[in-house]
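Below, chains carry the letters A, B, ... as their sequence lines are ordered, and counting in each starts from 1.
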Amino acid sequence: MAKIEFDRVYKNYGDTPVLHDVTLSIESGELCVFVGPSGCGKSTLLRMVAGLEIVSGGEIRLAGRRANELPPPERNVAMVFQTYALFPHMTVAQNMGFGLKIRGVPAAARSAKITDVAKTLQLDGLLDRRPAQLSGGQRQRVAIGRAMLRDPDVYMFDEPLSNLDAALRIQTRLEIARLHQVTGRSMVYVTHDQIEAMTLADRIIVLNRGRVEQVGSPMELYDHPANIFVAGFIGSPKINLLEAAVSEQGLAIGQVHLAVAGVGARPGDKVTLGIRPEHLAIARSESEATFVSEVALVERLGGETLVYAQSPVGGDLLILKIQGKTSLKPGERIPVVIEPDHLHFFDSAGARLS
Amino acid sequence: MTGGAVKISSSTGATGAIRAGATGLIFVAPALVLYAAFVLWPLASSVYYSMTDWDGISQARWIGFANFERAFADKIHLASYLHVTLYILGTLVFEVSFGLFMAVLLNSDRPGFALLRALFFSPVVLSMSAAGVLWTFVFDYRTGIINASLKAIGLTDWAQPWLSQPTTALLCVMLVSGWKFAGLYMILFFAALRRIPRHLYEAARLEGAGPVWSFCNITLPLLKQNILVAVLLAVTGGFAGFDLFFTMTNGQPYNSTEVPATWIMKQAFDNDQLGYGIALTVILTGVVCLISLIYLRYAERSHVVEY
Ligand SMILES: Nc1ncnc2c1ncn2[C@@H]1O[C@H](COP(=O)(O)OP(=O)(O)O)[C@@H](O)[C@H]1O
Ligand SMILES: [Mg+2]
C-alpha cells in the first residue's frame, strides 16, 4: 500500500514550464482522478509518479520515501496507456506475462496466473491471438490484465477509455471501478472527461495550465467549485455564468434584479453569478418569475429536457434542465425563476466568494 | 426476364474480356519489345557465348560445356566464392549490424544527434572508387596514417603491410566497405525505429526491463522486415562488389582477395577470354538467383507487423 505525495513539484520541458508548484497527496487505497483540459499536464504528472519523466523541482514521495530518483520498476506501479502499449509481435499471453518473465517467475506459475487473470477479464480463448486480431475493448482488457499481473501498489490509467466507443466506455469504466473495489489498491486515473471523473473518483484533482485548481470529492467540486474554471469544467450541461453587479438589495443582472443576501462583496463590485441548469426553473406565471426570456432551442433527452433560452445579459444562451417532457417551442416566451439557495458567486479574478 | 438479361450480359462479358485482352496486348507491346531486346535477348546470347571459345573480336567457336568444366576446376574461381562469402559475412557485421547499432545509439532528439547522424551517413555519398583510393593511402605500409599512428604510440611491431598480406587484406576491404555503407543501413533502420511507439519501451521499463531486453524483445522483432531487406541488399550487393576490390587490392596478394567480379574482369578483358568470362558470369547469375529465391521463400513467410 502506498500513499503518494507531491511536495511543491515543478516540471519543465526545456524552458517550457508544464507544471507549477503541485502539492497534494493521494491516500493509499484511494481512486484519484486527474482531470483537466487537454495539454494541462495530467499525463506528465502521472508519468512522473511512474518514473518515466524526471522531476524538475520539488519532491514526490511514495509510501513516505523520496521517489524522485527511484528507478521505475522499484516503484511497483502499473500503467495502462491510452494506446495500450501492447507488443504487436507477441500473443495476448506473452503481452500480459512478459513482466513476470522478466522477474523470473517460472513458466508453469506464469501461465497459471495468466489463465487466472484472463478468466476474470473474459480473455480466455484469446490467449494465443496477437493484438491486431483483437477488438479495441479486448486490447484494453489485455492492457488491464497486464497491470493486474504486476500486482502493483498503484494502478495508473492514462485516458484508458478514449479509444473506445461510447457503450464500451461505460462498461470498461464499471470494470475499472470493480477492479478498485476488489483489489483495494490505490489508483490514479487521468482523463479529460469530467463525467468519467465524476463517476469514478473518490477524489478529483482539477488541473488547468499546469496548476491544481481544486481538490475534492466529486460532490464537493460540484456544490462548491473553488473558482470559475472548476465551476465551468465540472458539470454537464455546463453551469450558467452571468456577469452581475452587487447592489444594495442584492444583484443586478443586466436589467434584472435578484434579491439575495450573502454574496460576499460590497455594493458596486462586479461579480460572476453561477447557476447550475437544474437550479433554473420555469415559473407558473410571469408574476412569480425572476425574468422573462425567449426559448432558442429545446433538446429532449427523454427523462429530462434541456431548454436553451436568451440570457438577460445577452451573450451565451442560458441552459435550463427540466424534469420530464415539455411542449415548448423555439420563439416562445417563458417566465424563468432562479432558485436563490444554490447560487455561486465569483469575484472578478474568478475566485469563489463565500 | 431477369435470367435472360443475366445470360446476355455474361456472354458479352466473356467476349468482351477476350477483346479487351487483345487490345491490352497492343498497349503492352512496346514494353514487351523493349524487354525482349534489352533483357531476354542479351540473356539468351550470354548463354550462347558462354558455350563458345571467343576473344570478343574473331568468330566465336562452339565448345559446349568446356567453359563450365574449366570453371569448376579453376581453383581461383572457386576460392573467389569463398572470399565473397567471407566479404558478405563481413558486410553483415560491419554494415548491417553496425548500422543498426548506430541507429539505436543515435536515435535521440537531443541537440547534436542529427549532426552526428549526418556525419555518420556522409561516406555513403562518396563514390566507391574514391573511397577505395582514399583508404589505400590510409593503409599504406610506409606512408599510411595507421602505421604512422602505431609507430607514434610506440607499437612499431604492430605496423603491417595491411593490403599486401593475405591475412589482413580482405579484412581491410570489409572495414572500408563498412565505413562506406554502415551509414546507409543506419538511416534505413533509423526511419523504422522512429515508427516504433515510445510507449512500448515505457511499458517494458515499468516492468523492470533493461535496454538489452528491450532491444532483443521489442526493437529486433519489430525491425525484422527492415533487417530482411538490409540483408538482401547486403548479400546481392556483396556478389556485385567490384569497385572497392578493384581500387584497393584488385585480387592481390596471391589472389587472396579475388572475388567473382574481379576474376571475371581479368578473364574476359585482361586475358581476352570473353567466352570463359561470360560462362563465369552465367554461373554468378545462377548463384544470385538461387539465393534470391531462397530469400523470397523465407521473407514471404514472415508477417508484416501492424501496430
Ligand atoms: N516530451 C515533451 N517535450 C516537450 N513538451 C512536452 C512533452 N510532453 C508534453 N509536453 C507538453 O507539456 C504539456 C502537458 O502535456 P501532457 O502532460 O501530455 O498534457 P495532458 O496529458 O494533460 O493532455 C503540453 O503542453 C505538451 O505540449
Ligand atoms: Mg495526456
Side-chain angles (χ1 to χ4, degrees), chain A residues 13-14 43 46-53 70-91 94-105 129-134 139 142-147 149-156 158-160 163, chain B residues 96-97 100 103-104 106-116 188-231 298-307:
Chain A
Y13 285 113
S43 299
L46 194 70
R47 293 164 54 81
M48 287 198 297
V49 178
L52 296 173
E53 297 286 353
L70 207 59
E74 289 174 33
R75 302 182 186 209
N76 200 20
V77 298
M79 188 146 162
V80 175
F81 293 87
Q82 180 175 352
T83 51
Y84 314 141
L86 301 181
F87 302 118
H89 56 289
M90 293 187 193
T91 63
Q94 288 167 334
N95 260 297
M96 292 206 294
F98 83 94
L100 297 176
K101 196 170 171 183
I102 289 174
R103 288 190 293 280
V105 177
R129 294 219 195 154
R130 283 172 208 280
Q133 300 164 307
L134 299 178
R139 285 183 213 181
V142 175
I144 293 176
R146 175 194 277 175
L149 282 167
R150 178 87 164 99
D151 191 23
D153 291 333
V154 183
Y155 281 90
M156 303 201 291
D158 192 352
E159 312 225 5
N163 291 344
Chain B
V96 179
S97 307
L100 177 58
V104 172
L106 297 182
N107 180 11
S108 170
D109 286 328
R110 267 167 283 173
F113 277 73
L115 182 70
L116 286 177
L188 200 110
F189 290 130
F190 179 72
L193 279 178
R194 281 289 151 125
R195 289 188 51 238
I196 302 179
R198 191 185 52 160
H199 289 156
L200 298 187
Y201 294 101
E202 292 177 344
R205 247 174 88 199
L206 289 181
E207 299 272 359
V212 175
W213 188 95
S214 293
F215 178 77
C216 297
N217 292 279
I218 304 175
T219 310
L220 274 189
L222 293 181
L223 290 187
K224 192 172 162 198
Q225 290 296 323
N226 308 83
I227 292 172
L228 282 175
V229 170
V231 167
Y298 175 71
E300 258 169 21
R301 265 187 280 141
S302 66
H303 304 278
V304 175
V305 172
E306 296 168 49
Y307 293 104

For this session: Examine distances only and state if a side-chain atom of Arg150(A) and a backbone atom of Leu206(B) form a donor-acceptor pair shorter than 3.5 Å.
Result: yes
Exercise. Is it true that a side-chain atom of Arg205(B) and a backbone atom of Gly51(A) form a donor plus acceptor pair closer than 3.5 Å?
Worked result: yes
Exercise. Considering only heavy atoms, which portion of Ile102(A) lies under 4.5 Å from any heavy atom of chain B: side chain, backbone, both, or neither?
Worked result: side chain
For this session: Can you tell which part of Phe87(A) gets under 4.5 Å to a heavy atom of chain B, answering side chain, backbone, both or neither?
Result: both
Problem set entry | From Leu200(B) atom CG to Asn95(A) atom CG, the distance as rounded to the nearest 0.5 Å | 9.0 Å
Exercise. Quick one: side chain to side chain donor-acceptor pair (under 3.5 Å) partners of Asp151(A), sequence neighbours excluded?
Worked result: Arg185(A)
Seminar exercise, completed: Phe98(A) and Ala203(B) have their tightest heavy-atom pair at CZ-O, 3.9 Å
For this session: May I ask you to say whether Arg47(A) pairs ionically with Glu202(B), meaning some side-chain N is under 4.0 Å from a carboxylate O?
Result: yes
For this session: Please determine, among Asn76(A), Thr83(A), Val77(A), Val80(A), the option with the most heavy-atom pairs under 4.5 Å with chain B.
Result: Thr83(A)
Seminar exercise, completed: Listed by number, the residues in residues 209-219 of chain B that come under 4.5 Å of chain A (heavy atom to heavy atom) are Ala209(B), Trp213(B), Asn217(B), Ile218(B)
For this session: Apply the side chain to side chain contact (heavy atoms under 4.5 Å, CB included) test between Glu207(B) and each candidate in Arg103(A), Lys101(A), Met79(A); give the one that qualifies.
Result: Arg103(A)
For this session: Would you indicate whether Arg194(B), at its atom CZ, is surrounded by more than 12 heavy atoms from other residues, nucleotides or ligands within a distance under 6.0 Å?
Result: yes
